[in-house]
Amino acid sequence: MFMKYQIACAALALLSSAPAFAQEEPAGPITVSGSVGLVSDYRFRGVSQSDKGMAVQGGVTVSHESGLYAGTWGSNLGGWGRFGGSNMELDLFAGYAASLGEATTLDVGLTWYMYPSGADTTDFAEPYAKLSHEFGPGKVLLGVAYAPKQKALGTVCSDSACTVFDPGAKGDNLYIWGDVSGAIPNTPLTLKAHLGYSDGNPGLGPRGTSIAPTGKYLDWMIGADAAISGTPLTVGVAYVDTDISKADRAHLVGAFEVLENSKGLGKSISSGQVVFSLTAAF
């Protein structure tokens, strides 16, 4: 999975002897923020998109004071994540965040998942809605994302041997999730946890579906982040897992299982994994 960290850029302090007119200018209507990071494994909804290898990721968001925003985010891919031939994921997103009070925010938007130089049918669009509430040092977020029927989410093969091939088939996918985080007072630490549920076509891999994790399964994460004082850097560690069992994957021999074991028999890109991260935000 992937995490976005944002920090406000501070203005340089002026010398006390500076003229009175040389004061800090008020913030404009547009804010630009972003991050670049290194992760030990790119997990998207609990499933590795980098074949359990390292990934370089980064993104930028442009926000308007009205609540409108747009941005992009990207990561390299590996193994199963490269289904369709692309070696990177590039997401474009836009939305609107509205305040529902001092501590509650409603965020609605759309993400377009792109896989440059990959197969024509791997890109897909997914609208989302998120409701968040802050309480003291903590924050709770509930979200839902529904990708309507598209070729990228269709069941391409009806069986593991792929005797019936239908690249024009369409499918949809529903993802519901909840996040909770909280800063520990007087420390640089923030604790975080995630629980998600995916409901799509029954495949998990090229012959079953698209590059995106689908099927019916749960994913979860628990971890911690630590801000490095005096820098824009944050280090993180998290345990990520799913309830996808070997029995659930048995019918995908030759697709999910083969790519899952691309670096050794028994290797699983959906089982529990500790993920480390280093992120620089601006």
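Sequential numbering from 1 along the given sequence is applied to the chain's residues. These numbers come from the heavy atoms of this one structure, side chains and all, not from hydrogens, waters or symmetry mates.
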Exercise for the section: Please step through side-chain contact (heavy atoms from CB on, under 4.5 Å) for the pair I184 and L191, ending with a clear verdict. Expected result: CA-CA 8 Å; I184 300 178; L191 302 182; 4.0 Å; yes
Modelled atom types, side-chain donor and acceptor of [X] and [Y], under 3.5 Å:
X	Y	result
Y146	D199	no
E126	Y113	yes
D41	S48	yes
Y115	D123	no

ask   = Can D179 and K192 be counted as an ion pair, charged N to O under 4.0 angstrom?
value = no
Cluster question for you: counting only ILVMFWY and a side-chain heavy-atom cut-off of under 4.5 Å, with indirect links fine, are [X] and [Y] together?
X	Y	answer
I222	F276	yes
L141	Y175	yes
M54	V56	yes
V235	L233	yes
I30	V60	yes

Specify the closest pair of heavy atoms between [X] and [Y], including all atoms of both residues, with the distance to one decimal.
X	Y	result
A226	L189	CB-CD2, 3.6 Å
A145	W177	N-CZ3, 3.8 Å
T105	A97	CG2-CB, 4.1 Å
V240	G46	CG1-CA, 3.9 Å
L153	P148	CD1-O, 4.2 Å
A129	V108	CB-CG1, 3.9 Å

Evaluate the side-chain proximity of [Y] to [X]: yes if any heavy-atom separation is below 4.5 Å, no if none is.
X	Y	result
K139	E134	yes
L131	L100	yes
V140	F135	yes
K52	S50	no
N173	S198	yes
V47	Y217	yes
N76	N87	no
M114	D91	no

Where the side chain of [X] meets the backbone of [Y], is there a donor-acceptor pair that is under 3.5 Å apart?
X	Y	value
D241	G272	yes
D172	A147	no
S63	Y69	no
T104	H133	no

d(Q57 CD, E89 CD) to nearest 0.5 Å is 8.5 Å
* To do: To the nearest 0.5 angstrom, please state how far the OG atom of S271 sits from the CG atom of D243.
  =>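 Result: 12.5 Å between the selected atoms.
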(Q) Take a 6.0 Å sphere around CG of L92 and say whether it holds more than 12 heavy atoms from other residues, nucleotides or ligands. (A)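 Atom CG in L92 is crowded, with more than 12 foreign heavy atoms closer than 6.0 Å.
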Under the criterion side-chain contact (heavy atoms from CB on, under 4.5 Å), I'd like the reasoning laid out for K170 against Q150: C-alpha separation, chi angles, the key distance, then a yes or no.
CA-CA 5 Å; K170 295 182 179 182; Q150 300 164 75; 5.7 Å; no
*Could you walk me through whether T111 and Y128 pass side-chain contact (heavy atoms from CB on, under 4.5 Å), step by step?*
CA-CA 8 Å; T111 301; Y128 60 83; 3.4 Å; yes
### Query
Where do D219 and Y197 land on the side-chain hydrogen bond (donor to acceptor under 3.5 Å, both in side chains) test, with the steps shown first?
CA-CA 6 Å; D219 72 275; Y197 171 71; over 6 Å; no
request  = May I ask you to check whether W73 and Y42 place their ring centers less than 6.0 Å from one another?
outcome  =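 Ring centroids of W73 and Y42 are less than 6.0 Å from each other.
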